[in-house]
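What follows is a set of notes on a single structure, which appears directly below.
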Amino acid sequence: MISRKILTEVLEKALSTGADFAEVYAEYTTENNLFMVDNRLDSITDRVISGVGIRILKGTRCVSGSCTSLERSDLLACAGRIADALDGVPENRSVHLTERLFGDIHPIRIVPQTADTRTKIDLLKEGYAAARDYHEDIAQVTASLLSFDHQILVANSDGLYTQDRQIRTRMAVSAVASKNGENQNGSCAPGRRMGLELFDLYAPADIGREAARQAVTMLSAGYIKAGRMPVAIENGFGGVIFHEACGHSLEASCVSIGQSQFCGKLGQKIANEKVTAIDDGTIPNAWGSINIDDEGTPAQRKVLIENGILKSYMIDKLNGRRMGMEANGSSRRQGYQWDTTSRMTNTYIAAGTDKNEDIIKSIEYGLYAKKMGGGSVNPATGSFNFAVNEGYIIRNGQICEPVRGASLIGKGSDIIMDIDMVGQNMETAQGMCGASSGSIPTDVGQPLIRVSSITVGGR
Amino acid sequence: MKYNEFKELVTAAAKARGLEAYELYCTESEEVAAEVLYHEISSFSTAAHTGASFRCIHEGKIGSAATELFTAQEAERIVEAAMENAYFTENTESAFIHSSGDTYENPDPVITPQPSAAQLEELALAIQEKAYGCDSRVADGSLSEAAFLRSSVSLSNSRGLDLTRSRAYCLAACNPSVKEAGELYDSIEIKAAAFQDLNPQDIASKAVKDAVSTIGADTVESGRYHLIFSGKMTATLLSTFFSAFSGVDAQRGLSLWGGKEGETVAAPMVTITDNPFLEGSMIQVPFDSEGVATRCKNVIENGRLVTLLHNLTTAAKAGISSTGNGSRPGYASAVTVAPYNFYMEKGGAGSREDILREAGSGIYITQFNGLHAGANPITGDFSLSSAGFLVENGELTRPVKNFTISGNFYELLKSISLVGDDLEFQTPKGDSCFGAPTILVKDMPVAGK
């Protein structure tokens, strides 16, 4: 993307006013999105994203900049502007870049950008048709086939020079069921750090049918009555509960400045002893996996919570300086336009020992949250909320009628204490996580769990 | 290479392939921002981005391709890729590359002078110091920021259009964290204006006052309450459920208002306006993303749906002319629709205090969390984690949080019983800025303890 010689010049320029660390992140990404609506291929989005983000650190002060260019003169100008914003003592530091190759544990069989467009259209149409034909109440379907080929380069004044190529593929089908002037929707959107071989794992028709099934099921559902009750949250996207209620508060970006409910709690019991939670960026071909993070640190598997005890935070270089701790492969950014910070990769609650049927049987009256929607959290206060896209009432230990309009709200530090049963069917699901460093692919996951009591919003 | 040189190469490539209808759309943006943590500048950033998208009509259909790299190779590639994408697309609806001939309004452009880096740093530091000075409970971890934003959009096409618009203004923000009895309470105040109009004391005082007012907030008993939404929260509901007003979504069956023009969709005191030239706003937009002249219009008038918002394609399908709301959320995006200054007009129910008195009891809503999770624009259903103040005997009595309010946007618009005269606006985002007065909606379900 950029020669070592130019990178060296740029880093030296960036260091010229007394910074103790300089870094160049360069990106060349191609994005292709086929979009269907109204039974036809509506549009194709096709673009090249490319540029550099440069930053310097002096202690815990950060100066950064970015530009949409890979040309030497533009990079030097950008580095000069950044150096000028740090009013330090001019000095000449030399940098020697040595290449490191970390290897790639995510084999790609069919690189999507090189596949025949017709082949991709046929895959998308298969998913689309399955949703449309599922039931007579399906009124509209939208479907996308997204592929990203994201090449990154990281070079820094410690002499690191390394690259990675991240290829991801995802199909997203959303179905709307409509009856008597009411709409309900359902969606299914599996993705992997893979090429088109993703569809050997997920038949497009299954993706379409699952989206339609949810929409049709919810069309006949009544509204849930609000209140506090026990909730059984199913595996897969149910893991969004840990991601929101706890994961974000374990990111160094908020821990390092005292804005987390879990500050200063390493080694302490913060969760029910049934809870072991892991952030693992090293799972081959998983959606949130990375070979290296966006500072060039190799990906790691980090046990965040072990049997209820807080073991680790997710740490990037800058916040690591604030905390006096080492970065651990957690620094991520959407691209060169965003400043990198600590983020999650593939984050999940590990399988436990409870039997799924026992979890349902244990609930006299409560909610079975089969499919979760998105969520959000304020990491400082721990207040979170998320939507239940497909829920059912549990009565006398039996899953009964579907209910719509439910949301779960509470405080992260409370809910992880209240996870008192953990099942065995751990599964992950894919999401796009939005925060200060942009929108990045992350996996959430868990087995079926029980939360002994939580506020369920409804009517 | 510079954009003008790139544009010439793209035009030459399009002509060489025999294209007759094509367009190049380019966005440029620059952001300079200083952030303060504790008592020091913690980060200073300057970011400059450019991206261009080529669209053409090929075999009767629209195709596009975009790039951020202005090179000779990319000029050829985006033309070829747009043609190939048009070939594969099955969208046979009318495709438009807009002709020149519109009369464009000429609003005063919002171009405020760029402050120096030192001025931005001083402003951010001043906000932070004022915040610490407002209340002894303001804690480390509080953040203040000052930024300068500049953006421009250029559109030129084979039918003679060659348009450019720019805007530049500053943002100042204070995000204080207040600590009391081991608990953190935070708030955020953001102001968009010319640099000289940003007063650090005002911004810090408002932010700290908001955070302090939530100290000790607790949940509420579940039940049914009268809800009084602050102007900003009413505006937030309008922006969250904006797709209800979109001609694109309506034609796809994703808004329940498709074909409902002329019908009553809201309470009689509700009028909603989309104004590209609202006085005093940072958003002044003479032409849309297709090059169509924009105009001011009522979308809902006294409860009656007047029009949805349209671009050239959806308007042609509906048999009307474009409302000038063609929009591209990013330079590479397909054309959809978006509003400009989009707001509920002031009503006759008086001030916020008048409305609180009229309600007697209920909850005054000042914050929503997790809108993307708790609101479903397709169904209109929402179940939103909220915060605000309990209202008893017509007055705010104590802060409340960690409860949800539930309902349906379409039903809520019809059940508004009062609209105040205190129009407030959100921070502008892209070409859009939402606003509304305080409103009262009676007897809504609330889930707390």
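Lettering follows sequence order; numbering is per chain, from 1. Quantities reported herein were computed from a predicted structural model and do not represent experimental measurements.
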Worksheet entry | Structural part of B:Glu30 lying under 4.5 Å from a heavy atom of chain A | neither
Discussion item. Counting only non-hydrogen atoms closer than 4.5 Å, does B:Tyr410 touch chain A with its backbone (N, CA, C, O), its side chain (CB onward), both, or neither?
Written reply: neither
Worksheet entry | Minimum heavy-atom distance between A:Cys433 and A:His243, given as atom pair plus value | SG-NE2, 3.5 Å
Practice prompt. Flag the one option from B:Thr219, B:Ile62, B:Leu37 with the top tally of heavy-atom pairs under 4.5 Å to chain A.
Written response: B:Leu37
Discussion item. Does anything in residues 29-39 of chain A form a salt bridge (charged side-chain N to carboxylate O under 4.0 Å, His left out)? List the pairs, not counting sequence neighbours.
Written reply: A:Glu31-A:Arg47
Discussion item. Taking side chain as everything from C-beta outward and backbone as N, CA, C, O, which of these in B:Ile41 sits under 4.5 Å from a heavy atom of chain A? Side chain, backbone, both or neither.
Written reply: both
Practice prompt. Measure A:Val37 against the heavy atoms of chain B and call it side chain, backbone, both or neither at under 4.5 Å.
Written response: side chain
Practice prompt. Just give me the residue among A:Gly258, A:Ala226, A:Ser50 that pairs up with chain B most often, heavy atom to heavy atom, under 4.5 Å.
Written response: A:Ser50
Fill in: Between B:Asn91 and A:Asp42: side-chain donor-acceptor atoms closer than 3.5 Å
yes
Fill in: Residue selection (most heavy-atom pairs with chain A, distance under 4.5 Å) from B:Glu93, B:Glu84, B:Lys61
B:Glu93
Item to complete: Go through the atoms of A:Ile49 and report whether side chain, backbone, both or neither lie under 4.5 Å from a heavy atom of chain B.
Response: both
Worksheet item: With B:Glu80, which residues qualify under salt bridge (Lys or Arg N to Asp or Glu O under 4.0 Å), at least two apart?
Response: B:Arg17
Worksheet item: With respect to chain A, which residue among B:Ser43, B:Gly374, B:Ala139, B:Ala118 yields the maximal number of heavy-atom pairs within a distance under 4.5 Å?
Response: B:Ser43
Discussion item. If I measure from the heavy atoms of chain A, does B:Tyr331 come under 4.5 Å with its side chain, its backbone, both, or neither?
Written reply: side chain
Response to the item:
Closest non-hydrogen atoms of B:Val138 and B:Ser142, given as atom of the first, atom of the second and distance, are CG1-OG, 3.6 Å
Item to complete: For side chain to side chain donor-acceptor pair (under 3.5 Å), just list the numbers for B:Arg328 and B:Ser53, CA-CA rounded to whole Å, side-chain angles, deciding distance to a tenth of an Å, and then say yes or no.
Response: CA-CA 10 Å; B:Arg328 304 178 75 162; B:Ser53 173; 2.9 Å; yes
Item to complete: Among B:Lys449, B:Met444, B:Arg77, single out the residue with the greatest number of heavy-atom pairs under 4.5 Å to chain A.
Response: B:Arg77
Worksheet entry | Parallel, tilted or perpendicular, as decided by the 30° and 60° cut-offs, for the rings of B:Trp257 and B:Phe409 | tilted
Worksheet item: Which bit of B:Asn408 is near chain A, if near means a heavy-atom gap under 4.5 Å: side chain, backbone, both or neither?
Response: both
Item to complete: Establish, from distance only, whether the side-chain atoms of A:Asp122 and A:Thr119 form a donor-acceptor pair under 3.5 Å.
Response: no
Fill in: Geometric class of the B:Tyr3/B:Phe6 ring pair [parallel <30°, tilted 30-60°, perpendicular >60°]
tilted
Fill in: Toward chain B, the part of A:Asp87 with a non-hydrogen atom under 4.5 Å
neither
Discussion item. Using a 4.5 angstrom heavy-atom cutoff, name the option from B:Ala375, B:Ala334, B:Ser222, B:Gly448 with the most pairs to chain A.
Written reply: B:Gly448
Worksheet item: Relative to chain B, which of A:Lys225, A:Arg118, A:Met372, A:Arg81 shows the most heavy atom pairs under 4.5 Å?
Response: A:Arg118
Worksheet item: Which bit of A:Gln261 comes within less than 4.5 Å of chain B, counting heavy atoms only: side chain, backbone, both or neither?
Response: neither
Response to the item:
Pair count under 4.5 Å, heavy atoms only, with chain B: among A:Gly405, A:Ala387, A:Ser407, highest is A:Ser407
Discussion item. With rounding to the nearest 0.5 angstrom, report the CD1 to OG distance, B:Ile405 to B:Ser386.
Written reply: 4.0 Å
Worksheet item: Just by distance, with hydrogens left out, do A:Glu71 and A:Ser69 show a side-chain donor and acceptor under 3.5 Å apart?
Response: no
Worksheet item: Quick one: what part of B:Ala65 sits under 4.5 Å from any heavy atom of chain A, side chain, backbone, both or neither?
Response: both
Item to complete: Below 4.5 Å from any heavy atom of chain A, which atoms of B:Glu183 appear? Answer side chain, backbone, both or neither.
Response: side chain
Discussion item. So for atom CD, which belongs to B:Glu40, do other residues, nucleotides or ligands contribute more than 12 heavy atoms lying within a distance under 6.0 Å?
Written reply: no
Item to complete: Consider only side-chain N and O atoms of A:Thr30 and A:Gln113, and report whether a donor and an acceptor are under 3.5 Å apart.
Response: yes
Worksheet item: What option among A:Asp339, A:Leu41, A:Leu57, A:Leu318 has the most heavy-atom pairs under 4.5 Å with chain B?
Response: A:Leu41
Worksheet entry | Residue B:Glu35 versus chain A: region with a heavy atom under 4.5 Å | neither
Item to complete: Check each atom of A:Asp84 against the heavy atoms of chain B and say whether the ones under 4.5 Å are side chain, backbone, both or neither.
Response: neither
Worksheet item: Under a 4.5 Å heavy-atom cut-off, does chain B meet the side chain of A:Val377, its backbone, both or neither?
Response: neither
Discussion item. Taking side chain as everything from C-beta outward and backbone as N, CA, C, O, which of these in B:Asn85 sits under 4.5 Å from a heavy atom of chain A? Side chain, backbone, both or neither.
Written reply: both
Fill in: Donor-acceptor pair between A:Thr68 and A:Tyr336 side chains, under 3.5 angstrom
yes
Worksheet item: If you count heavy-atom pairs under 4.5 Å with chain B, which of A:Thr60, A:Asn185, A:Ile82 comes out on top?
Response: A:Asn185
Discussion item. Testing the basics here: between A:Ser66 and A:Cys78, what is the closest heavy-atom pair and its distance to 0.1 Å?
Written reply: N-SG, 4.0 Å
Discussion item. Please rank B:Ser406, B:Ser385, B:Ala48, B:Pro445 by heavy-atom pairs under 4.5 Å with chain A and give me the top one.
Written reply: B:Ala48
Discussion item. Regarding A:Ser178 and A:Asn183, do their side chains bring together a donor and an acceptor under 3.5 Å, going by distance alone?
Written reply: yes
Worksheet item: Among A:Lys411, A:Arg40, A:Glu244, which has the most heavy-atom pairs under 4.5 Å with chain B?
Response: A:Arg40
